[in-house]
Number of protein chains: 4
Amino acid sequence: MGNSFGKLFRITTFGESHGAAIGVIIDGCPAGLEIDETFIQSELDRRKPGQSKITTQRKEDDTFKILSGVFEGKSTGAPIALMIENQDQRSKDYSHIAERFRPSHADYTYEAKYGNRDYRGGGRSSARETAARVAAGALAKMLLKKSGIEVQAFVSQVGNIKAPNYKTLDLTKKEDNIVRCPDSVTAEKMIALIDEVRLQRDTIGGVVTGVIKNSPVGLGEPVFEKLHAALGHAMLGINAVKGFEYGSGFDGVKLRGSQHNDEFYNEGEKIRTRTNYSGGVQGGISNGEDIYFNVAFKPVATIMQDQQSVDKAGNEVTVSGKGRHDPCVVPRAVPIVEAMAALVMVDFLLVGKTSKL
Amino acid sequence: MGNSFGKLFRITTFGESHGAAIGVIIDGCPAGLEIDETFIQSELDRRKPGQSKITTQRKEDDTFKILSGVFEGKSTGAPIALMIENQDQRSKDYSHIAERFRPSHADYTYEAKYGNRDYRGGGRSSARETAARVAAGALAKMLLKKSGIEVQAFVSQVGNIKAPNYKTLDLTKKEDNIVRCPDSVTAEKMIALIDEVRLQRDTIGGVVTGVIKNSPVGLGEPVFEKLHAALGHAMLGINAVKGFEYGSGFDGVKLRGSQHNDEFYNEGEKIRTRTNYSGGVQGGISNGEDIYFNVAFKPVATIMQDQQSVDKAGNEVTVSGKGRHDPCVVPRAVPIVEAMAALVMVDFLLVGKTSKL
Amino acid sequence: MGNSFGKLFRITTFGESHGAAIGVIIDGCPAGLEIDETFIQSELDRRKPGQSKITTQRKEDDTFKILSGVFEGKSTGAPIALMIENQDQRSKDYSHIAERFRPSHADYTYEAKYGNRDYRGGGRSSARETAARVAAGALAKMLLKKSGIEVQAFVSQVGNIKAPNYKTLDLTKKEDNIVRCPDSVTAEKMIALIDEVRLQRDTIGGVVTGVIKNSPVGLGEPVFEKLHAALGHAMLGINAVKGFEYGSGFDGVKLRGSQHNDEFYNEGEKIRTRTNYSGGVQGGISNGEDIYFNVAFKPVATIMQDQQSVDKAGNEVTVSGKGRHDPCVVPRAVPIVEAMAALVMVDFLLVGKTSKL
Amino acid sequence: MGNSFGKLFRITTFGESHGAAIGVIIDGCPAGLEIDETFIQSELDRRKPGQSKITTQRKEDDTFKILSGVFEGKSTGAPIALMIENQDQRSKDYSHIAERFRPSHADYTYEAKYGNRDYRGGGRSSARETAARVAAGALAKMLLKKSGIEVQAFVSQVGNIKAPNYKTLDLTKKEDNIVRCPDSVTAEKMIALIDEVRLQRDTIGGVVTGVIKNSPVGLGEPVFEKLHAALGHAMLGINAVKGFEYGSGFDGVKLRGSQHNDEFYNEGEKIRTRTNYSGGVQGGISNGEDIYFNVAFKPVATIMQDQQSVDKAGNEVTVSGKGRHDPCVVPRAVPIVEAMAALVMVDFLLVGKTSKL
């Protein structure tokens, strides 16, 4: 029941890291959308492992197949099923994790909750599941494009290294480097840090900033489905996320109301705000300004070091790092953040068609 | 459609600030719960205005009435409707806001979304709606009590003034002072700051920290309904909230995996973690450790100063502060944070009954 | 959790027969709808008890109050709460049903399911709850009117007495007599039968036929939310309903495909069918023809006779009929059927706005 | 959005008749269920075409593959995806239906609703989609078996030929003949009738009766999710269904309350009813007696005869019957009715775990 997201544009994902396949059903995609399969693949490629020296060296191709809902290149209104077959399902030796709980992974909690766990590569708790979200997000982006809405994300922080405010950056440059930070100077520092951490057989956290431009005024459903609450829900559902803030965020608590309030003015025929501490959302509803938010990612839990833990029988054991993993998750998290944001926006766009007579 | 929250323990709230009444229907409360009306009232009293010199001086009694679902003192399994009649529905002069959009309020976005707006006291966007949540949350707390789960919140920051880490505090002392910070030294500073800001006819933000103790292992529904994602959704739906983080939160991004990972050990028959950067949630599922989180509140938008804005016709106008408002929202937000957290926990407790055979 | 109905135009009802009040929250009513309170009251009056000699002689006024969501006569987009206070909450003597299970009532199943039951007047299982649906249905009808959609129902059968096919009747005449059958000759026979049954201290069943005219083409959401499946769900949720059929219904099973198929033709610019065995729905989607259906109601379970039963302790006991009850439920069920049908249609009308680009 | 069914045990189906594959995601299956793949296949085989001379002669093997959610033979709590690849995806000549609307099919309504239609073999509106439901239903049956609940269905009517009341029949014999009627004498007549109709290049309707034995007391969620309302919703969502009745059904309207009421008695420690006009459901909640219901199926719309219709341009055209189709749908509908009933029961069984403390 926790595997669906969205109300009218509703996705349901399935699949484990080392099962037969992962995938997604998209129910509620309006009919008549031209499906750009090249774009879907390019989005998946932005997320796939093995892209650069600072991501995991695992190679997975993440080739998708559309099983339903598309006819003669267009959505038909029927559910769209997309599947990515797992290429490597060999039964490797997982004995080191089958019985042992890796620190800060989901091993223990899954075991306790379900009493039964696909331990191969993390099973359902693996970030591999997010490939399905990226595929669905690609369709969401195609729909948003028709309304002129742009969803972008970039790496704004790795460890202590922070990028300048998004307003000073040219976001189109975010794909110019392997860390996906549009500021080349900061990017170099981030890359160096991640590389250093990797050589230490360690990992490090970071922040992804999302920016949604050209949102129409009026999206969001008070009181419980405020636009930013849905965005937060979406982001916090991504693996390794520890926090979400929008607009002024946590820093805003230090300000006075007289500093923080965004005064309105009339720009041509459009009502605008002079500042945007609100982050494009007021009372849970978009006001037409940029929607921007930060998503905090913890350091990847898999480290190439020995750690103390317990096994299923309760014995204290040592867990050793194995395999090929990301030293820092944020470069590959960028398309996931975009995908989830696009899914939220499309859903509210559809729901919003019924707000008034 | 945005006025319901929860899946099995599901609340739907209604009501505007100056309408006839506000209230809530709770659908899915298990039958047989003894309803402690005194407790519900005491929770409402913690939220009500006019409690102290640092909250608004408006007086509202917030007396509730149970309309259904309770018989001979116990829940029957039928929907429980609670209503709070608004005492003061006099048609005051609202001309200053009927046509003008107050900066950083929901006036403009509601007008744009709905084309029609109850402007009296903020209408549906008023924080008055949260009284209904607090009433429902009181029932959730009664249910949680039966499972030994405790939900607490306190003010951990006002402006730049921060309380020590929650683990060093005696949370039972949070009600000992009017700012609801359990550390008396910090509390005094916070109160002084709020008072200063109030005299400046300004407002200031703050942070409320929530702590959930004695959660069973296994609550949370991957992948989209992770426990912390639902908590974040709940908190971000509270008026004036700008951010949510749990466990290590935004600070965690600076750590290395080797620092951040919570190693397991066996304490008697219970699997525990030595540190708790995870904030009691791993893979979206509770692990039995304390669940703790921070909620950032912006400075209240209503200030007693003139501000520039526009009116419905697009004319640039001045909006003047009027009425009696909170200089800082966090002291009264404490019971709201607790209520929303309790609602999330009860819902997952019920849903969790079906996780395994 | 079973007390809400609808997806985008979503109602949640509350209240017991002899509690403080019954009512409904409507979430998702588009803003800007002019609320005709006189019409709502007139719909409630069509359902209320004590209307004529063939309905119960109990007198209840069913005066409603709007608590929220309406401002200056129009819906605001906020949830609309309507409440009907119960006038007669005196603690009568209910000992005869507090401990005994009335045959074919919900006494035993509620007791078994919830372990706790408001036995006064049937509590939540009383048909009194349907007044809340009628109030909500009145709003749905106002919305449908804007699209030209008409929802009507009438009594087509009482016991063995059947009215002619709806197409031969003038449905505007259904309110001309107390049994709500538009054919005056049949109506007289029905009234005589109900009166006879009443004098025998017995009850009898009947059928209500619903007809929806001017539906746009395209409403209904395959595959599980077919238009007729949602209508059936709605009707089967009304107290005392035992069956639902639409179009050719159960009689259609006897026909050959060559008889039953509705051939298409072109009427001016409109695609029509020559026959309408489909009942206006094909593949779960409206085709623009009349949507018509039958709803079977069992004889009312409360009879003025002694019956054998058991009590909570399992003792075999006699249950005697008491109070004032309807000898036949269908005349008062007509507005309920209309209300539920209107709620279904409005919901699909809103959902249908997102079917295609 | 209409492609999901169920609340806690929730299925989402996808796929078109001649697309790459059809399938289903089951979200909410409790962990720890042993998955009997042989049983799933046997259920699919009961539904597949080409079984006998009275079903379509099309051959499809309907071999399924589990893509996720099962590990070492047991459900893990993760979503279970099942896929059936379509064997025959050759682009046949569909020009006769690509532009023409077959009478009483979904061609016209899908075209109108979505503006875009996969016309190959009926696309999404094809009954082929129900194979996915049967697969999911097989899992539901495995779960019900653990609670001792049995779901059975059989053909009780074809055209005018009716089987005796289910209580007089040995339901285990329903698979002994190709029409799936447990009464061999009636079965022979039904088979003869279907064969006759087939030779006339025509089709005929029928009724499937469902019987659920050993239901616990207490399933069903008043007021809108009454057990029989959910069953009706489920059945009316099956292709070609025109009506649903349970217990006394439409015939019950002719009875007096004194005849229809089911008197209670105490059988050992169990409260029973002497008659069962209620059909095992009172007030929307199961009372422990047999739950039984009838589902009416119209004659199959595809007939091997010429019919008048219109094309997309509005021209009046002739549609000729082509291909291999069932002359009567009910024999193959039996496992579908069982599957949908099992899905309803499992869902209520899970939801029912939270009814009382």
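Chain identifiers are assigned alphabetically (A, B, ...) following the order of the sequence lines, protein sequences preceding nucleic acid strands; residue numbering begins at 1 within each chain.
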- Item | Side chains of C:Asp262 and C:Thr275, donor plus acceptor under 3.5 Å |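 The criterion, which ignores hydrogens and geometry beyond distance, is satisfied for C:Thr275 and C:Asp262.
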* **Distance-only polar pair, side chains of C:Asp306 and C:Thr318, donor-acceptor under 3.5 Å** =>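 The answer is no; no qualifying pair exists.
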Among [options], which residue forms the greatest number of heavy-atom pairs with chain C at distances under 4.5 Å?
options: D:Asp202, D:Ile204, D:Asp251; answer: D:Asp202
options: D:Val310, D:Ile303, D:Asn266, D:Val223; answer: D:Val223
options: D:Ile161, D:Val253, D:Leu231, D:Leu236; answer: D:Val253
options: D:Val197, D:Leu357, D:Val300; answer: D:Val197
options: D:Gln200, D:Arg133, D:Gln157, D:Arg124; answer: D:Arg133
options: D:Val241, D:Thr273, D:Thr130; answer: D:Val241

**Prompt:** Short question: side chain of C:Arg198, backbone of C:Ile194 - any donor-acceptor pair under 3.5 Å?
**Reply:**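 Pair absent, no side-chain N/O of C:Arg198 close to backbone of C:Ile194.
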Ignoring hydrogens and angles, tell me if any N or O in the side chain of D:Lys356 forms a donor-acceptor pair with the backbone of C:Ala112 under 3.5 Å.
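Checking the backbone N and O of C:Ala112 against the side chain of D:Lys356, a donor-acceptor pair under 3.5 Å is found.
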Portion of [X] that has a non-hydrogen atom of chain D nearer than 4.5 angstrom:
X: C:Lys7; value: side chain
X: C:Lys254; value: both
X: C:Gln305; value: side chain
X: C:Phe293; value: neither
X: C:Glu316; value: side chain
X: C:Met340; value: side chain

Which atom pair, heavy atoms only, marks the closest approach of [X] to [Y]?
X: C:Val158; Y: C:Cys328; answer: CG1-SG, 4.2 Å
X: C:Ser286; Y: C:Leu227; answer: CB-CD2, 3.7 Å
X: D:Ala131; Y: D:Ile22; answer: CB-CD1, 3.7 Å
X: D:Glu289; Y: D:Asn287; answer: N-OD1, 3.1 Å

| Checking heavy atoms, do the side chain of D:Lys113, its backbone, both or neither come under 4.5 Å from chain C? |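 Both backbone and side chain of D:Lys113 come within 4.5 Å of chain C.
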Which one wins on heavy-atom pair count under 4.5 Å against chain D: [options]?
options: C:Ser278, C:Ser125, C:Pro327, C:Gly279; value: C:Ser278
options: C:Gln259, C:Lys298, C:Glu269; value: C:Lys298
options: C:Glu221, C:Glu225, C:His233; value: C:His233
options: C:Pro216, C:Ala240, C:Gly206; value: C:Gly206
options: C:Gly284, C:Gly247, C:Gly220; value: C:Gly220
options: C:Gly283, C:Gly218, C:Gly257; value: C:Gly257

Who pairs with D:Asn315 by side chain to side chain donor-acceptor pair (under 3.5 Å), at least two apart in sequence or on another chain?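 So D:Asn315 forms a side chain to side chain donor-acceptor pair (under 3.5 Å) with D:Asp311.
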Checking D:Phe348 now: which residues fulfil ring pair (Phe, Tyr, Trp, His ring centres under 6.0 Å) with it, not counting sequence neighbours?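 Expected list: none.
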- [ ] Could you pull out all residues at least two apart from D:Phe14 that satisfy ring pair (Phe, Tyr, Trp, His ring centres under 6.0 Å)?
- [x]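 For D:Phe14 there are no ring pair (Phe, Tyr, Trp, His ring centres under 6.0 Å) partners, ignoring immediate neighbours.
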Heavy atoms under 4.5 Å from chain D: which residues of residues 102-110 of chain C carry them?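 Hits under 4.5 Å: C:Arg102, C:Pro103, C:Ser104, C:His105, C:Ala106, C:Tyr108, C:Thr109, C:Tyr110.
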* Asked: So, do D:Pro222 and C:Tyr114 sit near enough that their side-chain heavy atoms are less than 4.5 Å apart?
  ->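 The answer is yes, as the side chains (C-beta and beyond) meet within the 4.5 Å cut-off.
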Check: Do the side chains of C:Thr13 and D:Phe224 get nearer than 4.5 Å, heavy atoms only?
Finding: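 SC-SC contact between D:Phe224 and C:Thr13 confirmed.
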query = Is NZ or CZ of C:Lys242 both nearer than 6.0 Å to the six-membered ring centre of C:Phe297 and within 45° of the ring axis?
reply =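 The answer is no; the distance or angle limit is not met.
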Check your understanding: Quick one: do D:Glu267 and D:Arg274 make a salt bridge, cutoff under 4.0 Å?
Key ->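 Salt bridge between D:Glu267 and D:Arg274, a charged N being under 4.0 Å from a carboxylate O: no.
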